[in-house]
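See below for the structure under consideration.
Counting starts at 1 for both ligands and their atoms, in listed order.
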Amino acid sequence: MQMGCRVSLLFFVMCIARAMSESTLLNNSIDAGWSQSYEQFLLANGVARTPPMGWNSWNHFFCNIDERTVKATADALVSTGLAALGYKYVNIDDCWAERDRDWKGNLRAKSSTFPSGIKALADYVHARGLKLGIYSDSGYTTCSKTMPGSLGHEDQDARTFAEWGVDYLKYDNCYHDGSKPQQRYSRMSSALLKAGRPILYSICEWGEEDPARWAGRFGNAWRTTGDIKDNWDSITLIADSNNVWGRFAGPGRWNDPDMLEVGNGGMSLEEYQSHFSIWAVMKAPLLIGCDIRAVRRETLHILGNKELIEINQDPLGVQARKIRSRSGLEVWAGPLSKKRLVVVLWNRSGSSAPISVGWREIGLSPFSKVIVRDVWTHSFVSKGTRFRLTAHVAPHACKVYVFTPL
Ligand code: GLA
């Protein structure tokens with residue numbers, strides 16, 4: 001235990017040193033608060049050093065979920081190649097349990113939909129090199145009201161999850177006793193730490209009491225907003241809300257703007273590309289929310305963009321932020337490891353337009369030569385650009401570049 005603490009402390013100090021040196025690139029232009037994001041210790045569970053990646057049942061299946069679907073999804077993650085790209089968590093959301101606990105007060109998987117039980121499901125996904133996530137609530141029932149919440153049963157439920165081999169817990173905020181979320185969420189945090197298995201703890205408090213300010217002490221990710229919807233207004237609104245909390249994110253603890261809608265059918269391909277790009281550079285958990293068993297090629301093309309995934313999983317772990325917005329034409333940027341930057345030109349307006357970024361705005365000297373790579377076309381735009389970069393961007397589309405100063 002003591003050894004574990006020392007290792008965490010060492011990692012924490014290394015993170016500060018690294019973040020401070022690598023973030024100087026952007027300090028002129030972006031609110032110089034990167035290093036403050038390391039004000040808290042890494043959670044002792046040691047997981048989520050990079051944002052979690054995987055799949056969650058809610059955005060597509062809502063309560064219509066059963067073990068056959070979960071198993072087929074795990075298989076599809078592997079056969080599509082998504083698992084190899086990092087999508088490892090197979091997360092069951094609400095509605096997996098019986099309405100009542102057993103006579104010992106334990107949660108029970110719903111026999112009509114999960115007849116083999118959660119342990120068998122965990123074994124199934126583990127055998128494929130994946131991890132299993134589950135869902136509970138810090139109140140008396142979950143949001144669907146179809147199953148119990150964990151309020152007052154935190155230790156018991158955390159032990160159950162650990163015994164079943166669960167690797168991830170999403171913990172919701174419905175039907176509670178009116179007590180502060182800090183109290184309810186910290187109780188499950190301690191319970192998980194005692195349960196004897198590293199379980200990624202995802203706090204789903206919808207951003208109500210500014211969780212970015214406190215949730216990093218208890219969990220590995222926290223929702224910053226209400227529920228996402230499969231439309232443009234929802235993703236732009238959520239991107240802006242999540243952006244505000246950028247400086248609080250870092251290795252082990254992430255702002256969570258909710259799960260991906262890519263592939264669910266409500267947006268155009270350009271809009272889905274923008275959604276995925278902005279989530280990736282904001283270091284959001286990348287939890288696929290569509291039906292992977294029937295995933296279309298164009299959806300796979302977006303979710304499987306290796307270069308964007310690498311940006312999301314960059315070890316520096318700094319959330320990119322909006323640095324300019326004029327008439328719906330936006331520039332987002334953030335530092336990456338090895339003194340690189342990610343720069344997004346995002347056209348939120350209704351017509352095609354040029355968007356331009358000057359070196360000074362992103363903290364570079366105007367004379368520095370930069371290698372610019374477009375991570376959607378997978379090609380180098382230039383091997384030595386100076387001063388500024390301009391691109392024509394289609395409506396609701398974005399360009400994502402990695403800048404490597406020479
Ligand atoms: C809340 C959460 C959603 C989902 C549902 C399940 O609304 O924010 O992500 O988990 O509950 O009922």
Atoms of ligand 1 less than 4.0 Å from [X] heavy atoms?
X    : result
Y135 : 6 (C), 10 (O), 11 (O), 12 (O)
C204 : 2 (C), 8 (O)
C143 : 1 (C), 11 (O), 12 (O)
W206 : 2 (C), 8 (O)
R223 : 8 (O), 9 (O)

Q: Quick one: do S190 and R187 satisfy side-chain hydrogen bond (donor to acceptor under 3.5 Å, both in side chains)? Show the steps, please.
A: CA-CA 5 Å; S190 317; R187 277 209 291 276; over 6 Å; no

Considering only the protein, which heavy-atom contact is closest to [atom], and what is its distance?
atom                    : result
atom 7 (O) of ligand 1  : D227 OD2, 2.7 Å
atom 10 (O) of ligand 1 : D93 OD1, 2.6 Å
atom 2 (C) of ligand 1  : D172 OD2, 3.2 Å
atom 9 (O) of ligand 1  : K170 NZ, 2.8 Å

Q: Output yes when D227 and R223 qualify as a salt bridge under the 4.0 Å nitrogen-oxygen rule, no when they do not.
A: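 Salt bridge present between D227 and R223.
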
Q.
Could you check whether K119 pairs with D123 (Lys NZ or Arg NE/NH1/NH2 to Asp/Glu carboxylate O, under 4.0 Å)?
A. yes

Q: Look only at interatomic distance and state if D94 has a nitrogen or oxygen under 3.5 Å from any nitrogen or oxygen of ligand 1.
A: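 It does: an N or O of D94 is found under 3.5 Å from an N or O of ligand 1.
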
Q | Shortest non-hydrogen contact between E209 and W214, atoms and distance | A | O-NE1, 2.8 Å

Q.
Please give me the minimum heavy-atom distance between Q319 and N243, naming the atom from each residue.
A.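 Minimum heavy-atom contact is NE2-CA, 4.1 Å.
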
Q.
Heavy atoms only, cut-off 4.0 Å: how does C95 contact ligand 1, side chain, backbone, both, or neither?
A. neither

Q) For the atom pair CG (N56) and OH (Y168), what is the distance rounded to the nearest 0.5 Å? A) 7.5 Å

Q. Knowing that exactly one of Y272, W332, W376, W346 qualifies, which makes a side chain to side chain contact (heavy atoms under 4.5 Å, CB included) with S277?
A. W376

**Q.** Side-chain H-bond candidate by donor/acceptor type, S57 with D93, under 3.5 Å
**A.** no

